[in-house]
Amino acid sequence: MVADGDGVPSVVVPDPRRRRPGRGAWLHPDPACLRLAERRRAFPRALRVRGALDASAVHEHIGAGRPQHAAHDRTDAGSVPRQAIDGKQVDPS
């Protein structure tokens, strides 16, 4: 991801090919990680810009490219691993 805007950066845009100019930041392609980053206000700090940044382009990018294994490994509740529901043993360590 990189900050983009006319003169003053105001939006965060995905940069999957790592070709856009400017300071970049990495984000795990998981909607939960995006929500956590927004809640912690990590984008302005990581990209070293002042003020809030609009991350709607990142929301669209992560929503469209959701990894298949993440949806398959989780239950509908989202936070409970499927192994725990299926009765399989999970190593607690």
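In this chain, numbering begins with 1 at the start of the sequence shown.
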Engineer: List for me each residue that meets salt bridge (Lys or Arg N to Asp or Glu O under 4.0 Å) alongside R48, sequence neighbours excluded, and say none if there are none.
Structural biologist: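 Testing R48 for salt bridge (Lys or Arg N to Asp or Glu O under 4.0 Å), a comparison that skips the adjacent residues, returns none.
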Engineer: With clusters defined by side-chain heavy atoms of hydrophobic residues (ILVMFWY) lying less than 4.5 Å apart, directly or transitively, does V2 cluster with I62?
Structural biologist: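 Cluster IDs for I62 and V2 differ.
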Engineer: Sequence neighbours excluded, which residues qualify as side chain to side chain contact (heavy atoms under 4.5 Å, CB included) partners of A57?
Structural biologist: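 V13, P14.
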Engineer: Output side-chain donor-acceptor pairs under 3.5 Å for residues 17-26, partner residues at least two apart or in another chain, one line each.
Structural biologist:
residue : atom : partner : partner atom : Å
R19     : NH1  : R17     : O            : 3.4
R20     : NH2  : D4      : OD2          : 2.8
R23     : NE   : A46     : O            : 2.9

Engineer: Donor-acceptor pairs are to be reported for all side-chain atoms of residues 31-42 against protein atoms at under 3.5 Å, with residues two or more places apart or in another chain.
Structural biologist:
residue : atom : partner : partner atom : Å
E38     : OE1  : H59     : NE2          : 3.2
E38     : OE2  : H59     : NE2          : 3.1

Engineer: Taking the side chain as C-beta and beyond, is there a heavy-atom pair between L27 and V12 under 4.5 Å?
Structural biologist: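 No, every pair of side-chain atoms sits at 4.5 Å or beyond.
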Engineer: Not counting sequence neighbours, which residues clear side chain to side chain donor-acceptor pair (under 3.5 Å) with D15? List them please.
Structural biologist: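 D15 satisfies side chain to side chain donor-acceptor pair (under 3.5 Å) with no residue once adjacent residues are dropped.
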